[in-house]
Colleague: 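One structure, pasted below without further comment.
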Amino acid sequence: MTEFQAINNILSNPSEGKKVRVRGWIHRIRKTGKLIFAVIRNESGIIQAILFRDNLPTEEFELAKSTLIESSVVVEGRLAKDERAPGGYEIRVEHFEVVGAAEKFPITKDQSDEFLLDNRHLWLRSRRMSAILKVRSTIFNEIRNYFQGLNYYEVQSPVFQSGACEGGSTLFEVPYFDSRDKVYLTQSWQLYAEAMMFGLERIYTIGPAFRAEKSRTRRHLTEFWMAEVEAAWLGNAEMMELAEGLVTHLVKSVIEKNPQELEFLERDISILKEIELPFPRYKYAEILDMLNAKGLELEWGADLGYTEEKMLTQELRTPIFITHFPRAKGFYHRVDPEDDKVVLCHDLLAPEGYGEIIGGGEREWRLEILMKRIREFDMEPEQYDWYLDLRRYGSVPHSGYGLGIDRTVAWIVGEEHIKNVIPFPRTMRRYTP
Ligand code: ATP
Ligand code: MG
């Protein structure tokens, strides 16, 4: 018997009369008395199948007549040229088999966002979701390739953590047996990465991060995926090169590996193709001036939220860095030795209105200064006991960053909302299915 074939392989090398055998799902079906048109979908694409009453056993034709979309099927037949069929060839079916019959599929055309989210378990098989998830898969793989190519080690950090890295307000607390200490889900691997760095020097991870984000923006999830890196001896400027190197690598790889998906998603790849190194760099102070020139009235210390970042990046075609943020940005950032109002850190903003995809910087590595910084944030150094040990035993300058993978996927595929680039999105109001 002929082997099962991927639909894209069949269509990339077709010939009249060639015998083919595919398994997949009924994507569309249209029936008349003597004729049934079905479009079969599998992971690799879609192909039209045509069933003539006289071309296959009667009971198989009758079965096909009662088969609904999304049933899983096996079809065998011969290829025939047809200009109107997607891909230019169709299968003239000689054998039709139902593997799992579908009930009436609840998702029809023109459904609301909420309905599709409620039925996410079924919507995931749509061609749109599949295209996005294929790009997402490339991005995960290429993050690894990029760092492995530079001799970084992949390491894992705990999801259960005992302290805050990114501020208490977005911590998810979890019950942990009868522990009296508080236990939280990870917001970032950073503090743990700084410990793991002493043995391996150059490390990265890909893992989930959890933040109780109360803001409902198009770019915040409560559970999202980050690629994080930490490296001994590197300063902020070198970390920025590692950041723009990664982002350029990801964009180039997706253009090369997912042309069909980008086309299906109607992504304008001319913009992606123009992206070049180095990305422009602006200081926070310059950014304030730029935004104020556009009519905002921001003062020193103002947070750059989604509105501001959208204004900044809407017309851009290349990512930009923002550096030298106010020292209130975080206790672990190293204060700029040349200007103590600011810290040596960076955010990378994606163009076309997307905004921040990376946050990173140089860490304060000297014990006394780090303790002062912790107090500056009204915290007690005792809360960071093991973290401070890292400054006691052979500390070195070091830096790192975190790339929000979901935001990066959203930008590269040109998807408006972050929830549409992850299989099962989690937001303040949604934790099902
Ligand atoms: P924002 O100000 O947009 O909330 P942040 O400054 O809190 O971001 P970082 O702490 O620097 O973000 O985290 C590193 C990266 O992780 C961000 O640049 C972003 O790409 C991603 N990220 C952060 N929070 C979220 C979230 N809630 N959902 C999805 N991605 C996120
Ligand atoms: Mg945040």
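Just follow the structure's listing: the first ligand is 1, and inside any ligand the first atom is 1. Position 1 is the first residue of the sequence, and the numbers go up from there.
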Colleague: Using a strict 4.0 Å threshold on nitrogen-to-oxygen distance, state whether Lys134 and Glu43 make a salt bridge.
Modeller: yes
Colleague: So Tyr284 and Trp300, would you call those rings parallel, tilted or perpendicular, with 30° and 60° as cut-offs?
Modeller: perpendicular
Colleague: Could you work out, for atom 3 (O) of ligand 1, the closest of Arg407, Glu309, Arg211, His346 by heavy-atom distance?
Modeller: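 Ranked by closest heavy atom to atom 3 (O) of ligand 1, first place is Arg407.
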Colleague: So, Glu194 and Arg391, do they make that salt bridge, N to O below 4.0 Å?
Modeller: yes
Colleague: So, for Tyr332 and Trp365, is the gap between ring centers shorter than 6.0 Å?
Modeller: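 No - the distance between ring centres of Tyr332 and Trp365 does not fall below the 6.0 Å cut-off.
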Colleague: Just to verify, what does Phe140 make a ring-ring contact (aromatic ring centres under 6.0 Å, His included) with, not counting sequence neighbours?
Modeller: Trp225
Colleague: Does Ile357 reach ligand 1, in the sense of a heavy atom lying below 4.0 Å from it?
Modeller: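 The answer is yes: ligand 1 sits under 4.0 Å from a heavy atom of Ile357.
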Colleague: Would you check whether Gly402 has a nitrogen or oxygen atom less than 3.5 angstrom from a nitrogen or oxygen atom of ligand 1?
Modeller: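 Checking ligand 1 against Gly402, no N or O pair falls under 3.5 Å apart.
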Colleague: For the pair Glu364 and Arg366, evaluate salt bridge (Lys or Arg N to Asp or Glu O under 4.0 Å) and give the outcome as yes or no after the intermediate values.
Modeller: CA-CA 6 Å; Glu364 178 49 62; Arg366 293 153 302 177; 2.8 Å; yes
Colleague: If you measure from atom 2 (O) of ligand 1 to every heavy atom of Gln187, Glu356, Glu223, which option wins on shortest distance?
Modeller: Glu356
Colleague: Ignoring angles and geometry beyond distance, decide whether Ile418 reaches within less than 3.5 Å of ligand 1 through its nitrogen or oxygen atoms.
Modeller: no
Colleague: Under 3.5 Å between any N/O of Leu221 and any N/O of ligand 1: does that happen in this structure?
Modeller: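 Between Leu221 and ligand 1 (N or O atoms, distance only) the closest approach is under 3.5 Å.
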Colleague: With a cut-off of 4.0 Å, which atoms of ligand 1 are near a heavy atom of Gly359?
Modeller: 11 (O), 18 (O)
Colleague: Nearest non-hydrogen contact with atom 29 (C) of ligand 1 belongs to which option: Trp225, Phe325, Phe224?
Modeller: Phe224
Colleague: What pairs with Gln314 under side chain to side chain contact (heavy atoms under 4.5 Å, CB included), at least two apart in sequence or on another chain?
Modeller: Lys310
Colleague: Record the part of Ile358 in heavy-atom contact with ligand 1 below 4.0 Å; permitted values are side chain, backbone, both and neither.
Modeller: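 Contact part for Ile358 vs ligand 1: backbone (N, CA, C, O).
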